[in-house]
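Worksheet: the structure to be examined is printed underneath.
Heavy atoms only: backbone and side chains are in, while hydrogens, waters and symmetry mates are out. To find a chain, count down the sequence lines: A is the first, B the second, and so on, and within it residues start at 1.
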4 protein chains.
Amino acid sequence: MAKAERQAREKELRRNLILKSALFSFAKYGYHKCSMDLIAEEAELGKSTIYYYFKNKDELLLEVLKSGLEGFFKKLTDKWAELNDPKEKIESVSLAAADFFAENPDYFKLYLYLSLHPKIKNVTVNSLRPFIENKNKLFVKLFKDARKAGIIKPMPPKNLVEIFGTLIMGVGIFGHYKRKADIRKRMTLINEIFFEGVTPEKED
Amino acid sequence: MAKAERQAREKELRRNLILKSALFSFAKYGYHKCSMDLIAEEAELGKSTIYYYFKNKDELLLEVLKSGLEGFFKKLTDKWAELNDPKEKIESVSLAAADFFAENPDYFKLYLYLSLHPKIKNVTVNSLRPFIENKNKLFVKLFKDARKAGIIKPMPPKNLVEIFGTLIMGVGIFGHYKRKADIRKRMTLINEIFFEGVTPEKED
Amino acid sequence: MAKAERQAREKELRRNLILKSALFSFAKYGYHKCSMDLIAEEAELGKSTIYYYFKNKDELLLEVLKSGLEGFFKKLTDKWAELNDPKEKIESVSLAAADFFAENPDYFKLYLYLSLHPKIKNVTVNSLRPFIENKNKLFVKLFKDARKAGIIKPMPPKNLVEIFGTLIMGVGIFGHYKRKADIRKRMTLINEIFFEGVTPEKED
Amino acid sequence: MAKAERQAREKELRRNLILKSALFSFAKYGYHKCSMDLIAEEAELGKSTIYYYFKNKDELLLEVLKSGLEGFFKKLTDKWAELNDPKEKIESVSLAAADFFAENPDYFKLYLYLSLHPKIKNVTVNSLRPFIENKNKLFVKLFKDARKAGIIKPMPPKNLVEIFGTLIMGVGIFGHYKRKADIRKRMTLINEIFFEGVTPEKED
DNA sequence: GATGAATGAGGTTTCATTCAT
DNA sequence: TATGAATGAAACCTCATTCAT
């Protein structure tokens, strides 16, 4: 019957509405100062309805983060599919992040905020860890490939991933940029520094 | 009378004890999950005593951060006094940070955590802003000097401060390092990348 | 039409399924900690279905208890039909209870639990009262008959019913017995004490 | 200083006030239907004050029960100190219980209610277990002594303790008695049945 | 100066029940 | 007949803060 199908679709929509409202409110007030009431109000639903869709606040947070990260990595891997050159692939990470920041200014702030919270770190974010570590391996491999291709100095790939990741996330932390073009410009600068450094070419 | 003096000294000691306990507990539990009780217990003082020394939780946090930052910048400016070369000065920032991270693993995490918290950002941390912006000017000037000295490409100094700052703080975010030597090594890598990039020298 | 009949039969089956699941869950979690969800899940039915069969949680409880008690008294009166001697009849109560405990370890616990719950006592269990008082009269009559037959001291029959009832229910309260044989043995001891006391025969 | 002493005394008084209010309210509404608000209102204190004195609802319950049982056993052992004959000692148990029921009509109901609650049984009441098992040993010893003195048939003392205990608690369960004299009368009947049984003396 | 005691405000979560389909 | 979805009401508990001493 088409009915069941429509219901499933509507349920998915509601779920996404809650996810969206939660992200918005978490980001606006910060996870700890954002009450379930606030989220419910934002979603224009009863508070208990949220508990009908998500077991508790922690899980809601988790799903918010998951859906955000999934969106980001979907975009990124789509882009990678079009590229071959490792350097271009690396640069595409920051550019994909730029677009993602512009469209979802809250995800990375929330993610970082939580990464730094000692208690949550141990409970919720940890269940994201497998997901993240999986992605991390992709990045490590990317840098290894770049190294093999001779376009990167012999530096430990893991460290490079961390450092490059930091650079990108920094945009999210300090991010007072609003326009996508500005963020892209900043990412371009980051790419340039990461690859070439700030030291001018010696002319001789 | 020496009595008043001794009393003043004792008061200062108490204040510092509270500050230390607060930092420890904030870092251990996260600002929002760290109750005044926890801090009082850590300091082995009555809870109300904390209110005798600090107006409220927010102000306590502020003072904790201030004292931490002051410590860091004290060390940094001491080092700068010994140096002339702008590049060396820039590099000394990350090395000073390395030592500071090793000795005070919690300050920067707390600082970052709060930088990302929307509400606190607007209330408490903002009152740190003058202090920080002041220090920021020092860094901007440093990069301008470096630019003048020709050891830096013509890139916007403000952006460079942010990017270099991000690189350093990243160590605090991911910070799984325990030994000072490890942190220093990582900072050296960061310095190298920042100045020279990851692209190998073209040999021709 | 046979259809209506089958439907009625199926409805009865569903009702019993819910009753069984409710008893199981009430006993497992305790009435107050047992949510309708739990019961619905146990019955593998939608939660609203329970409301289709029973007006509310209280009524469900009531019906659970009723059906349990009915089962017990059915067995008991069946046995009584075979017996004439009042003493044997009295003893058969505890033995019937033994079997009933063994087969339905939860009914009496639930019944007692609720007898002790002040609020429920006043609302739901009270509607069991006519039923129970009816049965009680049977017991009182039994003890009166026993008195007439000269096999019981001249003690107030009502009190004897209460005391004998207590003894039996005590097995349900402390009931750490698992095997039917153990419960029967215990009931035999209770019968002996109730009739003969614990004081040894004077030998002279 | 006398000040500290007075404060300690006042704190103890408050604690007892809460305990009393809690017992009253638990008994009136039943543990699960008795909210902390209700207790606070009864004690004419803020709800949080109760949490200042007791960690949570479970612990409050535990302390209520503990204090009740302690009161009972204090009275009982006081009486035992005056007695030598094991039979008199046994009888004194039910008479002490009679007085205790009359003065604290709620304790045993609450205790039983909780003994029967599957979830609480495993958490809170269990922490009473050592206390209770300790007392139980006293009773077992009492029945062993009575056996040695030849005033009890060779029946397993543990079972006798349970059965005798059940008889006494039954008064608490069904207890519609208000006047101390009525309860004592009932206990006397129980003692008589327990020792001599309901079977009349054979006259021959 | 120092603190034990008290609490109001607010947070998360549970759950019986209803309603549209 | 059966049920998925939604929710209001209420429960437990935490915590920054105050106040009397």
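- As judged by a 4.0 angstrom heavy-atom cut-off over every strand, D:Tyr53 is placed among residues touching the sugar-phosphate backbone only.
- Across all strands shown, F:dC13 pairs with E:dG10; the Watson-Crick or G-U wobble distances both stay below 3.5 Å.
- Within the nucleic acid shown, D:Asp37 has no heavy atom closer than 4.0 Å to any nucleic acid atom.
- Residue-level contact check: A:Arg15 touches neither bases nor backbone, having no heavy atom under 4.0 Å from any strand.
- Considering every non-hydrogen atom in both B:Cys34 and B:Lys57, the closest pair reads O-NZ, 3.0 Å.
- Every residue meeting the side-chain contact (heavy atoms from CB on, under 4.5 Å) condition with C:Arg14, not counting sequence neighbours, appears here in chain and number order: C:Leu45, C:Tyr53.
- Distance A:Lys11 NZ to F:dA6 C1': 11 Å, rounded to the nearest Å.
- Nearest-nucleotide mapping onto DNA chain F: of C:Leu45 and A:Glu44, the residue sitting toward the 5' end is C:Leu45.
- Nearest-nucleotide assignment on DNA chain E puts the 5′-proximal partner with D:Arg14, out of A:Ser35 and D:Arg14.
- Regarding D:Ile39, its CD1 atom lies at a distance of 11 Å from the P atom of F:dC13, rounded to whole Å.
- In plain terms, the two heavy atoms of D:Tyr51 and D:Asn56 that are nearest each other are CE2-CA, 3.9 Å.
- Among the heavy atoms of the strands lying under 4.0 Å from D:Thr49 is at least one base atom, whether or not backbone atoms are also near.
- Checked by atom type and distance alone, the side chain of A:Ser67 pairs as donor or acceptor with a backbone atom of A:Val64 at under 3.5 Å.
- Take the nearest nucleotide of DNA chain F for B:Cys34 and for D:Cys34: the residue whose nucleotide is more 5' is D:Cys34.
- Using N1 to N3 plus N6-O4 or O6-N4 for Watson-Crick, or N1-O2 and O6-N3 for G-U wobble, each under 3.5 Å, E:dT21 pairs with F:dA2.
- Closest of all the heavy-atom pairs between B:Lys33 and B:Tyr29 is CB-O, 3.3 Å.
- Nearest nucleotide to the C:Ser48 side chain, out of E:dG4, E:dT3, E:dT18: E:dT18.
- In this structure, CE of C:Met36 is placed 16 Å from C1' of F:dG4, rounded to the nearest angstrom.
- Rounded to an integer number of Å, the gap from NE2 of C:His32 to P of E:dT14 is 18 Å.
- Residues D:Met36 and D:Ile39 have side chains in contact (heavy-atom distance under 4.5 Å, counting atoms from C-beta outward).
- A donor and an acceptor atom never sit less than 3.5 Å apart when one is taken from the side chain of C:Lys47 and the other from the base of F:dT3.
- Atom CD in A:Gln7 sits roughly 6 Å away from atom P in F:dA5 (whole-Å rounding).
- Atoms CG (D:Asp58) and C1' (F:dC13) sit 13 Å apart, rounded to a whole Å.
- Nearest to the side-chain atoms of B:Tyr52 among the listed nucleotides E:dT3, F:dT17, E:dT12 stands E:dT3.
- Checking A:Lys55 against D:Tyr51, the closest nucleotide of DNA chain E that is more toward the 5' end is the one next to D:Tyr51.
- For the pair A:Tyr29 OH and E:dG10 P, the computed distance is 14 Å after rounding to whole Å.
- Residue A:Lys33 contributes atom NZ, which lies 11 Å from atom C1' of F:dT14 at whole-angstrom precision.
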